[in-house]
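Some notes on the structure that comes next.
Whatever order the structure lists ligands and atoms in, that order sets their numbers, starting from 1. Computed from a predicted model, the values in this text were never measured in an experiment.
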Amino acid sequence: MKSKTFYAAMLAAGLLSFSACDQSTKQQSTKMTDSTTVGQLPVASGFEKTIDGKATKLYVLKNSKGTQAAITNYGGRLVSMLVPDKKGTLVDVVAGPGSVSDYEDAKGNYYGALIGRYGNRIGKAKFTLEGKEYKLPANDHDNTLHGGKEGFDVKVWDAKQIDDHTLELSYVSADGEQGFPGTLKTTVTYKLTDDNAIEIAYNATTDKATVVNLTNHAYFNLNGCGAGSILKHTLQLDADGFTPVDKTLIPTGKIATVQGTPFDFRKAATIGSRINEGDEQLKSGQGYDHNFVLNKHTLQTPIATVQGDVSGIVMEIFTEEPGIQFYSGNFMKGDFKFKGDKKDDNRTAFALETQHYPDSPNKPEFPSTELKPGQTYKTTTIYKFSAK
Ligand code: BGC
């Protein structure tokens, strides 16, 4: 372990803009105060492993406000985000495991991961593009979920530190990988800004026509990782419509109004207030697991606002994507380890995944997810934190 003096010297030399083995990441203690889980970053050594011949690590980003984010290049996962609650105490609002091995065990839940090449579902594990049918591995009923059996979430990304608050991750997906056409060169940049936001900028190019839908699958508990149910969090979503699904969660192709349904979050409501209503769509998802059609999708105004009932922490989401999957952690079963000796108990975290709509490659009526040679896929999503 490096000494504080060493770090002071590094800082003085202007060298410590970023560190994968920062002193603060060396402790793993989580204590409870007023039911908010007070967080510290997980132990960096738990992220040091070799997978497919490549080294994995934990990278720490910092801003001038004392906010920190930790990311591993194993699946490009957002591991932790330490933000101040209403009392100024730092809380880790990212729910998920605390080591690479624990992430590998919980593979099917995609904790914190970058998802590609196609986030969410492609029906019947196939699609046709420019007259040619492409078959994909089915990993969710007969469908392909989150890029297939070996998606971007289990790849070791090349990591490049730009400065103390910016991490650039790159991954080249070979032509034919998981059935998708074209070599896809992907770069995702995580940036922690001074207004306590984590900005995720996605960029990709291809050498053959393909489909792309990248997202991040962070799970959040705004009272802190492992701080119990998220059902009392309030959620506000700027969406007049959503895409109803069949029993295997493939959109029917229709856009339904949220008006008069438990999907109406245009006015803030707690996540749990209507989740157990006998609504057919909620039965299909065993809770919320649906794509909302956003009214606006620019980086100027938030499209989602969530607040933790205990911590007062508010998360606002800004995105350039036309949709967002709201997943209320229905399939979390307490089988896997979370940071701070916690488990992934049912509905103790939620995900809000910005995206193009599920199954767009088979739904010409939805906004297109095609990417052609010469074009650049470029999209940004921001998760911004404050407290009140
Ligand atoms: C999906 C859920 C799935 C979860 C974890 C979400 O994006 O919509 O159905 O269980 O990811 O895999």
Which pairs of nitrogen or oxygen atoms, taken one from ligand 1 and one from the protein, are under 3.5 angstrom apart?
{"from": "ligand 1", "atom 1": "7 (O)", "to": "His146", "atom 2": "NE2", "distance (Å)": "2.9"}
{"from": "ligand 1", "atom 1": "7 (O)", "to": "His217", "atom 2": "NE2", "distance (Å)": "3.0"}
{"from": "ligand 1", "atom 1": "7 (O)", "to": "Glu353", "atom 2": "OE1", "distance (Å)": "2.7"}
{"from": "ligand 1", "atom 1": "7 (O)", "to": "Glu353", "atom 2": "OE2", "distance (Å)": "3.1"}
{"from": "ligand 1", "atom 1": "8 (O)", "to": "Arg121", "atom 2": "NH1", "distance (Å)": "3.2"}
{"from": "ligand 1", "atom 1": "8 (O)", "to": "Asp289", "atom 2": "OD1", "distance (Å)": "2.5"}
{"from": "ligand 1", "atom 1": "8 (O)", "to": "Gln325", "atom 2": "NE2", "distance (Å)": "3.3"}
{"from": "ligand 1", "atom 1": "9 (O)", "to": "Arg121", "atom 2": "NH2", "distance (Å)": "2.6"}
{"from": "ligand 1", "atom 1": "9 (O)", "to": "Asp289", "atom 2": "OD2", "distance (Å)": "2.5"}
{"from": "ligand 1", "atom 1": "11 (O)", "to": "His146", "atom 2": "NE2", "distance (Å)": "3.1"}
{"from": "ligand 1", "atom 1": "11 (O)", "to": "His217", "atom 2": "NE2", "distance (Å)": "2.7"}
{"from": "ligand 1", "atom 1": "12 (O)", "to": "Gly108", "atom 2": "O", "distance (Å)": "3.2"}

Quick one: list whatever passes side chain to side chain contact (heavy atoms under 4.5 Å, CB included) with Thr270, sequence neighbours left out.
-> Thr234, Ser273
Does Arg121 have any salt bridge (Lys or Arg N to Asp or Glu O under 4.0 Å) partners at least two apart in sequence or in another chain, and if so, which?
-> Asp140
Single-linkage hydrophobic cluster Ile115~Ile122, side-chain heavy atoms < 4.5 angstrom = no
Crowded around Lys232 NZ? As in, over 12 foreign heavy atoms under 6.0 Å?
-> no
Under the side chain to side chain contact (heavy atoms under 4.5 Å, CB included) test, residues paired with Lys149 that sit two or more places apart | Pro137, Asn139, Gln178
Please work out which of the three classes, parallel, tilted or perpendicular, describes the rings of Phe242 and Phe292, given edges at 30° and 60°.
-> tilted
